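Below is one structure; the comments refer to it alone.
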Amino acid sequence: MVDRGASALSLPDDWPAHPDPILALNRMGSFDWDLDNGLFHMDAQAHEVFDLRPDEYDGYPTTLGIRIPQAEGHRLDALVSKAMKDGSENYGAYFRIRRRDGTLRWTHTQGYIRRDETGRPRRIIGIVRDATQELRDSEVRREQAALDAALREQTNVVQLTTAALAHARTVQDVIDVLKDTHGLTHLGATSLVFGLVEADRIRLVAEGPAGSFVPGTDVTRIDEPYPMSEAVRTLSPRFIESPEEFADRYPILWPHITDLNITSAAYLPLIVEARPIGAMGLLYSDRHGFSPEDRNVLVALGSSIAQSLMRAMLYEQDMDLATGLQQAMLPRTIPSVPGADIAVRYRAGNAAGSLGRDIGGDWYDVIPLPGGRVGAVIGDVQGHDTHAAAVMGQLRIVLRAYAAEGHNPATVMARASVFLHELDTDRFATCLYAEADLSTGVVQVVRAGHIDPLVRRPDGGCRRVSVEGGLPLGLSAEFGRLEYPVATLELDPGHTLLLCTDGLVERPGADLDDGMQILTSLIATGPDDVRALADRLIDVAEVRAGDDDVALLLLRRRGLDVPRSGARLLQHVAPGDSKALTEARHMIRAAVGAWGAGQLSDEIELAADELITNALMHTEGSAIVTLRVLTGSDRRLRVEVEDSSSALPRRRDAGESGVSGRGLLLVDLLADVWGVDARGGGKCVWCEFVVPERT
């Protein structure tokens, strides 16, 4: 073929009598081939190239056959013939000659074809030279280029694997990156094994592809004769360069992997801070041996994987700590509340860069209260860390305590704000507290910077309840604005109250109102059962995978098997107001008769009178008398007397006059049940009478 570097030679007509000195200086021999007489003249340097003495050559090209192998001669003849026929001015080719000692040597020739005025070839002049060193250098360059390409490919393996591992947060994520098809392709391996160090053992956590697991190697001791154990034990990689070496060094393992057609393997210890945390084995079916560059790249790969694995292990440890703290701060169980179905859910956020501390200050709580009431709390402490969770736990406890003491919802919220302000923290919290009377369906709601609640009807209709709110907890105390308006709503049987944190509603770049509309639609089309509805909402939050935590609480008022309020009357009695006291007595007698409990009129009136008298005599404030009918498994009439004193009444024997001290003894004898409920700054003393149904 025509050489890409060939060029026309400018030689004098009387050549080769005066060969170009430059040719000789470059150890190039020259020739002149007279095509008319067939003579092929060569100079002394050309004789040396062909390893011929002058007396061994008669001037004809055929004589060169003693040095040019037959196949090479045919190729050269075809090349020259083609050049002469197609009008070419020159040609060039590499060919081999057989030297005197029998060895082959590469030679290169270039020829310039001289033609007459008709274009007929008359003469070929050219050069020949020894090309052995040239091709050897070229081969070295090709080999070096191949090595460089292989090194770049291996380096690319490290870069691709490192890039994939950058997104791995858990140990399983690391395993998935290395184990899947793309991971094995990046690594260039046929099979992979991956183990974690646990005490003095290695637990296999990944192997691939499917079917490559070796029975009995799921847990191995570090001192056992396996390559992975040896790598961990010595803290140095193990390179196996042939099947024979594998079989010789690890005879126990080799029979189990012969079906994988393994030709070489590399077992890398995964070391962090001079401590082995795992090991990885890469098995190849198309590689024979490892160059120093290969080994360096694989060691670098092992180091990268070790760092990612350690980061994932720390992430999981932090996650376990955070999850444990979160679970400790949230209620372990939700109490069973007669008359209500309740479901609660919590989902941790995926805050970027939190390194396992995907935990926040969101919380919920359900607080059973006296008199068929229940408190429902939802809140969110600022921040996404363990400190937020710790503050949340303390705030949840004090809110529960204030509610259990009997404070009204506004007072509960105000006191919680003061507590948070005085706590050694710079965090604030949003909160919503709803106190529901399940017998009447009346719900009092107080909002501290939190999102509004929603109410769902039995037919699926859902609406947002607008509640006038105050400042978040902590801030209201700091700015001296502790007033929290109380909103009242009716929760009829079958209606569901939903409280949630903003993680369920807010989306990056979206308006809060739009989020509330989407949530309303989800609730309206959701299942009737509160637990199934809660699962659906939290599943939506999981799919969305937002950065913020999500807490939600659903409370559905049951329509059956719960005490429901019939009639209800209330009378305020001030100290020294005999008229109000008389009116209260008349109210009780008239109501008892109207409600069909006339046979118990005297007992009920006497018990109520004793409770009212005690409140007026032993406290400095007024009394609020409430009379109501409760229906459920039985029909009861309840008398409540509320005052502003926190001192609890106690039964005692009558005094010397025989009058003082009889009040609670009479109530105990007359009523079916009686008791005392704390009400924040005061108390409520109550008694109940079972009343037969009217016929």
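Please read these numbers as outputs of a predicted model, since none were measured by experiment. This chain uses plain numbering: 1 for the first residue, then up along the sequence.
- When all heavy atoms of Asp677 and Arg638 are compared, the pair lying nearest together is OD2-NH2, 3.9 Å.
- Counting only residues at least two apart or in different chains, salt bridge (Lys or Arg N to Asp or Glu O under 4.0 Å) contacts with residues 488-504 are absent.
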Test side-chain hydrogen bond (donor to acceptor under 3.5 Å, both in side chains) on Ser191 and Tyr284 and set out the steps.
-> CA-CA 7 Å; Ser191 181; Tyr284 303 88; over 6 Å; no
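- Side-chain contact between Leu522 and Val540 is present, with at least one heavy-atom pair separated by less than 4.5 Å.
- Of all non-hydrogen atoms in Val219 and Arg203, the two that sit nearest each other are CG2-CG, 4.3 Å.
- The minimum heavy-atom distance linking Ala477 with His421 is given by the pair CB-CB, 3.6 Å.
- Minimum heavy-atom separation, Gly278 to Val232: O-CG2, 3.9 Å.
- Of the inter-residue distances, the one linking Phe428 atom CZ with Leu475 atom CG reads 6.0 Å to the nearest 0.5 angstrom.
- Residue Leu399 holds its CG atom at 12.5 Å from CD of Gln394, rounded to the nearest 0.5 Å.
- A distance of 6.0 Å separates CG of Leu519 from CG of Leu537, quoted to the nearest 0.5 Å.
- Across all non-hydrogen atoms, the minimal contact from Arg345 to Ile538 is CB-CD1, 4.0 Å.
- Around CZ of Arg536, the count of heavy atoms belonging to other residues, nucleotides or ligands within 6.0 Å exceeds 12.
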Assess whether salt bridge (Lys or Arg N to Asp or Glu O under 4.0 Å) is satisfied between Lys683 and Glu642, documenting all intermediate values.
-> CA-CA 6 Å; Lys683 64 181 179 296; Glu642 187 173 353; over 6 Å; no
Take Tyr346 and Asp362, measure what side-chain hydrogen bond (donor to acceptor under 3.5 Å, both in side chains) needs, and give me the verdict at the end.
-> CA-CA 8 Å; Tyr346 173 82; Asp362 291 24; over 6 Å; no
Begin from the C-alpha positions of His495 and Arg556 and carry the test side-chain hydrogen bond (donor to acceptor under 3.5 Å, both in side chains) through to its verdict.
-> CA-CA 6 Å; His495 283 58; Arg556 182 176 182 269; over 6 Å; no
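- Residue Ala448 comes nearest to Leu471 through the heavy atom pair CB-O, 3.4 Å, listed as atom of the first residue, atom of the second, then distance.
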Quick one: side chains of residues 459-470, donor-acceptor pairs under 3.5 Å with protein atoms, not counting sequence neighbours, listed by atom name and distance.
from, atom 1, to, atom 2, distance (Å)
Asp459, OD1, Arg457, NE, 3.3
Asp459, OD1, Gly461, N, 3.0
Arg464, NE, Asp452, OD2, 3.2
Arg464, NH1, Asp513, OD1, 3.1
Arg464, NH2, Asp452, OD2, 3.4

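- Atom CG of residue Leu309 and atom CE of residue Met280 lie 10.5 Å apart, to the nearest 0.5 angstrom.
- The pair Asp365-Arg400 meets the salt-bridge criterion, since a charged nitrogen lies less than 4.0 angstrom from a carboxylate oxygen.
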Stepwise side-chain hydrogen bond (donor to acceptor under 3.5 Å, both in side chains) test for Gln317 and Tyr315 = CA-CA 5 Å; Gln317 290 174 6; Tyr315 174 93; over 6 Å; no
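- When side chains are defined from C-beta on, Val446 does not count as touching Val412, because their heavy atoms never get closer than 4.5 Å.
- To the nearest 0.5 Å, the span separating CD1 on Ile518 from CG on Leu504 amounts to 11.0 Å.
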